[in-house]
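These notes are about the structure you will find just below.
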Amino acid sequence: WAPNFNFNVSHEGRYVVLATENLCVVGVDVASPLSQRIGKQSFPDAFACWDTVCSPAERNDIRKQGSEELQSGAFQRHWSLKEAFV
């Protein structure tokens, strides 16, 4: 019996993470490498969706990264932080 058992699960592609903590709330997010993502969107389609989930400051940070690969990585970092926090 665990009086204060907290857990969080995340998955993407072939990756799954389970985090547990008995003293405080825990959050986790996992992102598979771009080369292993299942059902990849085209970059323009993915970028269009970012406007609905990112703040203006986050979008600016993503856009200034340069290449599509670097922008995608920046988006994934922002998204992972949001999912782990929520």
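Between R63 atom CZ and C54 atom SG the span is 9.0 Å, to the nearest 0.5 Å. In this structure, Q65 CD and N60 CG are separated by 11.0 Å, a value rounded to the nearest 0.5 Å. Remark: R59 CZ to T52 OG1 distance equals 9.0 Å, nearest 0.5 Å. Between L70 atom CG and I62 atom CD1 the span is 12.0 Å, to the nearest 0.5 Å. The CD atom of E58 lies 10.0 Å from the CH2 atom of W79; values are rounded to the nearest 0.5 Å.
One hydrophobic cluster, built from ILVMFWY side chains closer than 4.5 Å, holds both V9 and F5.
The two atoms that bring V28 and S10 nearest to each other are O-CB, 3.7 Å, heavy atoms only. Annotation for V26 and E21: closest pair CB-CB, 4.0 Å, computed over non-hydrogen atoms. Taking every heavy atom of both residues into account, V17 and V30 meet most closely at CG2-CB, 3.6 Å.
A donor-acceptor contact shorter than 3.5 Å links the side chain of Q71 to the backbone of G66. The closest donor-acceptor contact from the side chain of N6 to the backbone of C24 lies under 3.5 Å.
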Test V53 against K82 for side chain to side chain contact (heavy atoms under 4.5 Å, CB included), laying out the working first. CA-CA 10 Å; V53 297; K82 287 174 181 280; 5.6 Å; no

